[in-house]
Amino acid sequence: MSAPLLQVTDVRTYFPVESGFLFRRQTGVVKAVDGVSFSLAAGEVLGLVGESGCGKSTLARTIMQLVPATGGAVILGGRNLTTSSAAELLAARRDLQMVFQDPFASLNPRRNVYATLAEPLLVHKVVPRSRVKARVAELMELVGLDPRQVRKYPHEFSGGQRQRIAIARALALEPRLIIADEPVSALDVSIQAQILNLLAELVRRMHLSLLFIAHDLSVVKHISDRVAVMYLGKIVELGPAAAVIEHPRHPYTQALVSAIPSLDPGRGPPRLVLAGDPPSPLDPPAGCAFHPRCRFAQEKCRQTVPPLTVVSPGHEAACLRLGEI
């Protein structure tokens, strides 16, 4: 069996909380990502799902090394990014690219499309200068845009077109892995389907690996081979997409699955409404972080942190009552 393209091992990303005006002192720590481990194979799509604030975007930025990890390791193609120098990270960018949630914010409004797509080609010397113009046109066609529009600026495009430009920029270096951080949540529903289909086609055609982040399981299930569910900085369930969505084992995943809209409301699982709000990562509860909102919680859940436990081949869940619920 070949080694995974991406290996994330016990990654922790903590942010200190300070108080005081003249004499600053640390008063706490926000554990945005707290001991996350998973792997991603070449050509695989892993969906990462969870409520807003659970740490998905921080994890993505930590993998990209846009936010430094407090601990753990991010290994891409055998290279540990968390201990790499600036020059080594620059070289790694050819294999690892990111598509952000808001294309209007991630595209420079003072640069036209040609300048945006040509920059990575020139910085990394992907093609000779004489080939840059042709390569930019190829990238535009690859994402379904007219190459004659390369002299336009981001504000002259629709939201869906801007996201296509952002995807083209990510593809410019011919990466092996793309991290897509909620790439369709800022788009209209009709446009969401087009972008999802585009990503799925690019994964298939270019044999890309994709870490697809969303808060909506109904979006994730259409594109992912496997699904990881995050809650308060930890992965609470991980497995094949069909297994996680059709047979969720963690109570939190069960609630997310019950919220997927159905064309036949009478046939889907009953809606499970979670009580209360997610706890603060500044002051997480003891034991299982989900126990204040869990209908199955017992005293042991308030005292013991549940590890990820295998429930079927390739399917894991972090719950102390797996054999009971």
Side-chain angles (χ1 to χ4, degrees), residues 3-18 24 26 29-42 46 48 55-103 105-111 113-129 131-132 135-136 139 154 165-183 206 208-213 233:
L5 173 63
L6 176 69
Q7 183 73 52
V8 175
T9 305
D10 193 29
V11 164
R12 285 159 280 127
T13 307
Y14 299 165
F15 298 100
V17 177
E18 298 179 338
R24 307 287 292 175
Q26 184 172 323
V29 174
V30 174
K31 297 181 178 181
V33 178
D34 192 16
V36 168
S37 299
F38 66 87
S39 62
L40 186 61
L46 175 65
L48 183 63
K56 305 184 303 295
S57 293
T58 302
L59 176 60
R61 285 163 170 75
T62 302
I63 294 172
M64 289 290 302
Q65 298 301 293
L66 300 177
V67 174
T70 305
V74 177
I75 299 174
L76 177 68
R79 175 188 295 160
N80 190 343
L81 302 184
T82 55
T83 58
S84 295
S85 65
E88 291 170 335
L89 281 177
L90 179 62
R93 298 299 184 206
R94 288 203 60 171
D95 288 331
L96 177 63
Q97 287 290 297
M98 188 166 180
V99 177
F100 295 90
Q101 178 178 352
D102 184 357
S106 65
L107 296 174
N108 190 333
R110 302 180 67 178
R111 284 174 170 262
V113 175
Y114 181 84
T116 297
L117 299 184
E119 182 179 25
L121 300 176
L122 294 171
V123 169
H124 289 269
K125 299 179 174 60
V126 177
V127 296
R129 282 186 173 270
R131 274 270 303 147
V132 169
R135 180 56 181 159
V136 168
L139 290 169
I165 294 168
I167 293 171
R169 180 178 59 183
L171 294 173
L173 299 180
E174 301 178 1
R176 300 165 68 188
L177 169 63
I178 287 180
I179 299 175
D181 186 10
E182 302 204 35
M206 304 179 69
L208 289 169
S209 296
L210 177 66
L211 178 59
F212 184 87
I213 299 173

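All of these numbers come straight from a predicted model, not from anything done at the bench.
Residues F212 and I178 fail the side-chain proximity criterion, which asks for heavy atoms closer than 4.5 Å. By the 4.5 Å heavy-atom criterion applied to side chains, R169 and S106 are counted as neighbours. A heavy-atom distance below 4.5 Å is not found between the side chains of K31 and T70. Side-chain contact between L76 and L5 is present, with heavy atoms from C-beta onward closer than 4.5 Å. Taking 4.5 Å as the limit, some side-chain heavy atom of D10 sits within range of a side-chain heavy atom of S37.
Residues V33 and L59 come closest through the heavy atom pair CG2-N, 3.7 Å. Heavy atoms only, all atoms of each residue included: P175 and L96 are closest at CB-N, 4.1 Å. Nearest heavy-atom pair, R135 versus L171, reported as atom, atom and distance to 0.1 Å: NH2-O, 4.1 Å. Residues P4 and Q7 share a closest heavy-atom pair of CG-OE1, 3.3 Å. For the residue pair A172 and P120, the shortest heavy atom distance occurs at CB-CG, 3.9 Å. The shortest heavy-atom contact between V11 and A73 is CG2-O, 3.5 Å.
Side chain of Q97 to backbone of R94: no donor-acceptor contact under 3.5 angstrom is found.
Note: R176 CZ to M206 CE = 13.0 Å, rounded to the nearest 0.5 Å. Note that the CG atom of D95 and the CZ atom of R79 stand 7.0 Å from one another [nearest 0.5 Å]. The distance from the CG atom of L211 to the CE atom of M64 is 11.0 Å, given to the nearest 0.5 Å. The distance from atom OG1 of T116 to atom CZ of R110, rounded to the nearest 0.5 Å, is 13.0 Å. From I213, atom CD1 reaches atom CZ of F100 across 10.5 Å, with rounding to the nearest 0.5 Å. Note: R93 CZ to H124 NE2 = 8.5 Å, rounded to the nearest 0.5 Å.
Paired with D181 under the rule side-chain hydrogen bond (donor to acceptor under 3.5 Å, both in side chains), one option of Q101, R61, K56 passes, and it is R61. Screening L46, I63, I75 against L6 for a side-chain contact (heavy atoms from CB on, under 4.5 Å) leaves a single residue, I63.
With 3.5 Å as the limit, one finds no donor-acceptor pair spanning the side chains of T13 and T58.
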* L81 and L89: side-chain contact (heavy atoms from CB on, under 4.5 Å), yes or no, with the steps? -> CA-CA 7 Å; L81 302 184; L89 281 177; 4.2 Å; yes
